[in-house]
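The residues of the chain are indexed from 1 along the displayed sequence. Ligands are counted one by one from 1 in listed order, and the atoms in each one are counted from 1 as well.
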Amino acid sequence: MSESEVNFDSYPPVFRQLKQHTQDIDTVGAINQVPDSDPIPVIDLQCLDLDQLGEVCRDWGLFRLVNHGVPPTLLSQLQDYAKKLFSLPFESKQAIFSSPLSYFWGTPVLTPSGAALQIVPQNVNWVEGLNAPLLQLSQLQAEDPVLASFGLLLEEYGKHLSRLATTIFEAMVMKLNLNSEESKSNLSESTGFVRVYRYPQCFVANSAWGMDVHTDSSVLSILNQPEVGGLEVLKDKEWIQVRPVSNTLIVNLGDMMQAISNDEYKSVEHRVKASKHKERISICYFVFPGEGTVIRSSKYRPFTYSDFRAQVQEDVKSVGFKVGLERFKLTETS
Ligand SMILES: O=C(O)CCC(=O)C(=O)O
Ligand SMILES: [Fe+2]
């Protein structure tokens, strides 16, 4: 999509900024070239190898999932509907993406009610999104037919992704030799939500991020970035670009999984580059421990996911970023 084709009406006002310094932008564009291949490890769900899974979770905290059983038509329909919905005028999106959905932009950090956390302008991330808690999706009463169909697709997608998350989590529990009964409540399908993101084309000549460096707070996050790349993952202090590969999913381990595994597995740092050439849609599923479940780990003091989330929100407001698991770490003397 070229600059002239961009539907600026659909962009949140903060993103309606036009090209200023071509040279700077071209540098950002060059960085955005996605390579033909990448070294991201591949896990085949149809013949799951526990040793390979364990190694990848330890060394990378992220992998590409193939043979996952999510129908390709569902993935492409979700993408098409998401594109249509995000191209609606900004004001329409604000109006129609209402409870149980919520619409946000500028940051992925949301309050429990789904509203974006207030952030300072210099920390704005070049992203807008739709938050969909899966348990409540059946309550969606959309008058807009595209949104109604999208809601049904998301429900179907959510069921597939819950199945995938549970299968992968159970395999990890087995590999880690954790007690399978006790571990059950560490991943609760009822907590699952889907975030649909659009990263608008970014014309400003500064180093705007689609999404800043972060780790996910989830147990597992499963991401579908079918067409346009931009995701990067930190491996051995180097940023690796994650190539979009159709009909595959990217699984990344979150902070809760790192704690549950007693730091054996890694909650991986990642970020998303903003592109001056293309808008990018990604569809991400996140799942958490059950409400009230106490995470017990040899490395951290006992905490619930609610404690963790409250701490993250407090830190983002007071220090400007997520401190994360460090806040709960046991020290030598404790
Ligand atoms: O859009 C993406 O590719 C990644 C999104 C992400 O990292 C997140 O929502 O935590
Ligand atoms: Fe993330």
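Here the two rings, on Phe97 and Tyr103, have centers that are under 6.0 Å apart. Taking the six-membered ring for Trp and the full ring otherwise, Tyr11 and Trp105 have centroids separated by 6.0 Å or more. The aromatic ring centroids of Phe288 and Phe193 lie less than 6.0 Å from each other.
For a distance threshold of 2.8 Å, the protein N, O or S atoms nearer than that to the Fe ion (ligand 2), listed by chain and number, are His214 NE2, Asp216 OD1, His270 NE2.
For atom 3 (O) of ligand 1, the closest heavy atom belonging to the protein is Arg280 NH2, 2.8 Å. At the top of the distance list for atom 6 (C) of ligand 1, counting protein heavy atoms only, stands Met211 SD, 3.4 Å.
For the pairing with Glu269, the side chain to side chain contact (heavy atoms under 4.5 Å, CB included) check across Leu62, Val233, Leu234 returns one residue only, Leu234. Only one option out of Arg198, Lys83, Arg243, Lys278 pairs with Glu227 in a salt bridge (Lys or Arg N to Asp or Glu O under 4.0 Å); it is Lys83. Checked against Lys322 for a salt bridge (Lys or Arg N to Asp or Glu O under 4.0 Å), the options Asp216, Asp255, Asp315 give a single hit: Asp255.
Atom numbering of ligand 1 starts at 1 in the shown order; those under 4.0 Å from a heavy atom of Leu223 are 2 (C), 3 (O). In the vicinity of Phe286, heavy-atom distances shorter than 4.0 Å reach the ligand 1 atoms 8 (C), 9 (O), 10 (O). Taking every heavy atom of Asp216 and a limit of under 4.0 angstrom, the matching atoms of ligand 1 come to 10 (O). Residue Tyr199 has at least one heavy-atom neighbour below 4.0 Å for each of these atoms of ligand 1: 1 (O), 2 (C), 4 (C), 5 (C). Against a heavy-atom cut-off of under 4.0 Å, Tyr197 is close to the following atoms of ligand 1: 1 (O), 5 (C), 8 (C), 9 (O).
Residue-level proximity to ligand 1 for His270 is carried by the side chain, the only part with a heavy atom below 4.0 angstrom. Residue contacts with ligand 1 for Ser282 involve side-chain atoms from C-beta outward but no N, CA, C or O (heavy atoms, distance under 4.0 Å).
Around the CD atom of Glu143, the shell of radius 6.0 Å holds no more than 12 heavy atoms that belong to other residues, nucleotides or ligands. Surrounding CD of Glu291 are at most 12 heavy atoms belonging to other residues, nucleotides or ligands under 6.0 Å away.
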Practice task
Please report the C-alpha distance between Arg58 and Asp263 in whole Å, then the side-chain angles of each, then the deciding distance to 0.1 Å, and finally whether the salt bridge (charged side-chain N to carboxylate O under 4.0 Å, His left out) criterion is met.
Solution key: CA-CA 9 Å; Arg58 227 182 26 242; Asp263 280 359; over 6 Å; no

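In this pair, Tyr197 and Phe104 present their aromatic rings perpendicular. The plane angle is above 60°, beyond the 30 to 60° band.
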